[in-house]
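Worksheet: the structure to be examined is printed underneath.
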Amino acid sequence: MEVGQMQRRLVEFTKSLFMEGFLDGQFLQLQQLQDESNPDFVVEVVSLFFQDSEKLLNDLTSALEQQNVDFKKVDAHVHQLKGSSSSIGAQRVKNACVVFRSFCEEQNLEGCMRCLQQVKQEFYLAKDKFETLFTLEQQILAAGGSIPATEITSF
């Protein structure tokens, strides 16, 4: 595939991520922090998010499996996940965390368990979408092309 085709594919894929609610404007701000002195900034930040969040999801799972669930502890984990997902622009993960926190406040175990599954689903979907995005970028760079700038007005 030629570079121009790959670039168009990347632009369309990125646009779809915004239109489907996977990404929000925070991701654009994260991209703006990347420059020639740190060309892998976005990939590194997003990779750290997924590593750290994997541990948080495991902690949430075990906290909800306890005989006496500490909803304050569960809420603290969900709050942390909400903040970190928000910081990379993972909008659907963040939104699922907002709902999750309301069930924590109500100390509703059944609701929390459902939300945990929803958060995990959104998390793994987002991870897959980010991996695809970064793979497309790497293919363009490997072919000698440049990454087209994401236009905020495109969405």
Side-chain angles (χ1 to χ4, degrees), residues 1-64 73-105 112 114-155:
M1 190 182 310
E2 59 116 347
V3 172
Q5 270 183 301
M6 288 189 280
Q7 289 171 324
R8 284 188 294 282
R9 187 169 167 220
L10 175 65
V11 168
E12 286 305 310
F13 182 72
T14 304
K15 187 175 182 177
S16 75
L17 294 179
F18 281 90
M19 292 177 73
E20 294 170 21
F22 284 101
L23 296 177
D24 63 19
Q26 187 62 38
F27 181 72
L28 296 175
Q29 291 181 5
L30 188 65
Q31 285 182 316
Q32 290 172 353
L33 296 173
Q34 182 167 292
D35 58 22
E36 296 81 32
S37 67
N38 197 352
D40 297 324
F41 177 76
V42 175
V43 172
E44 290 170 6
V45 169
V46 171
S47 295
L48 283 172
F49 162 75
F50 284 112
Q51 288 170 15
D52 293 347
S53 297
E54 196 91 46
K55 182 188 180 320
L56 268 178
L57 288 172
N58 290 334
D59 291 347
L60 274 168
T61 301
S62 59
L64 287 170
K73 183 178 181 181
V74 172
D75 185 59
H77 290 316
V78 177
H79 181 70
Q80 185 178 349
L81 183 59
K82 177 181 161 256
S84 57
S85 60
S86 179
S87 72
I88 66 159
Q91 183 175 327
R92 285 172 50 163
V93 176
K94 178 193 77 174
N95 291 346
C97 288
V98 169
V99 175
F100 197 156
R101 290 195 72 202
S102 67
F103 284 110
C104 289
E105 288 172 19
C112 285
R114 279 195 317 269
C115 283
L116 176 61
Q117 294 313 309
Q118 183 66 36
V119 166
K120 283 182 177 181
Q121 181 179 335
E122 294 298 345
F123 173 83
Y124 289 111
L125 260 173
K127 186 175 184 183
D128 182 59
K129 299 288 186 182
F130 274 107
E131 286 171 354
T132 301
L133 180 72
F134 296 147
T135 298
L136 288 170
E137 288 180 352
Q138 289 306 313
Q139 289 170 344
I140 290 168
L141 294 174
S146 61
I147 306 301
T150 306
E151 297 289 326
I152 199 161
T153 56
S154 303
F155 317 108

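Index from 1, following the sequence. What you see below is based on every heavy atom in this structure, not just the backbone, and it leaves out hydrogens, waters and symmetry mates.
- For an aromatic pair to be called close, the ring centres must be under 6.0 Å apart, and F27 with F130 satisfies this.
- For the pair Q118/V99, no side-chain contact is recorded, criterion being any heavy-atom separation below 4.5 Å from C-beta on.
- Note that CD of Q32 is 6.5 Å distant from CD of Q29, once rounded to the nearest 0.5 Å.
- Proximity of a side-chain donor or acceptor of S16 to a complementary backbone N or O of F13 within less than 3.5 Å is detected.
- Looking at E20, its side chain never comes within 3.5 Å of a backbone N or O of F22 through a donor-acceptor pair.
- Here the side chains of K127 and E131 are in contact, with some heavy-atom distance below 4.5 Å.
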>> Show, in sequence, the C-alpha distance, side-chain angles and deciding distance for Q5 and R9, and conclude whether the side chain to side chain contact (heavy atoms under 4.5 Å, CB included) test is met.
In response: CA-CA 6 Å; Q5 270 183 301; R9 187 169 167 220; over 6 Å; no
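- T61 contributes atom OG1, which lies 10.0 Å from atom NE2 of H77 (distance to the nearest 0.5 angstrom).
- A 4.5 Å side-chain heavy-atom check between V46 and L133 finds every atom pair outside the cut-off.
- The distance from atom OG1 of T14 to atom CG of L23, rounded to the nearest 0.5 Å, is 8.0 Å.
- Side-chain N or O atoms of R101 include none that pairs as donor or acceptor with a backbone N or O of C97 at under 3.5 Å.
- Within 6.0 Å of the NZ atom in K120, the count of heavy atoms belonging to other residues, nucleotides or ligands exceeds 12.
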>> For a side chain to side chain contact (heavy atoms under 4.5 Å, CB included) check, start with the C-alpha distance between S146 and Q7, then their side-chain angles and the critical distance, and finish with the verdict.
In response: CA-CA 8 Å; S146 61; Q7 289 171 324; 3.9 Å; yes
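- Note on E122 versus K129: no salt bridge recorded, every NZ/NE/NH1/NH2 to OD/OE distance being 4.0 Å or above.
- Looking at heavy atoms from C-beta onward, D35 lies out of side-chain contact with F41 at the 4.5 angstrom threshold.
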Can you give the donor-acceptor pairs under 3.5 Å from side chains of residues 47-59 to other protein atoms, not counting sequence neighbours?
| from | atom 1 | to | atom 2 | distance (Å) |
| --- | --- | --- | --- | --- |
| S47 | OG | V43 | O | 2.7 |
| S53 | OG | F49 | O | 2.7 |
| E54 | OE2 | Y124 | OH | 2.4 |
| K55 | NZ | D59 | OD2 | 2.9 |
| N58 | ND2 | E54 | O | 3.4 |

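- The structure places CG of L136 at 11.0 Å from CG of L141, a figure rounded to the nearest 0.5 Å.
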>> Assess the residue pair V93 and I88 against the criterion (side chain to side chain contact (heavy atoms under 4.5 Å, CB included)); give the C-alpha distance rounded to whole Å, side-chain angles, the decisive distance to 0.1 Å, and a yes or no.
In response: CA-CA 10 Å; V93 176; I88 66 159; over 6 Å; no
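- Closest approach of K82 and S85 over heavy atoms only: O-OG, 3.0 Å.
- From I147, atom CD1 reaches atom CD of Q138 across 7.5 Å, with rounding to the nearest 0.5 Å.
- Qualifying side-chain hydrogen bond (donor to acceptor under 3.5 Å, both in side chains) partners for D40, counting only residues two or more places apart in sequence or in other chains: none.
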>> Set out, in order, the CA-CA distance, both residues' side-chain angles and the distance that settles side chain to side chain contact (heavy atoms under 4.5 Å, CB included) for E137 and V42, then state yes or no.
In response: CA-CA 11 Å; E137 288 180 352; V42 175; over 6 Å; no
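- A heavy-atom distance below 4.5 Å is not found between the side chains of L81 and F100.
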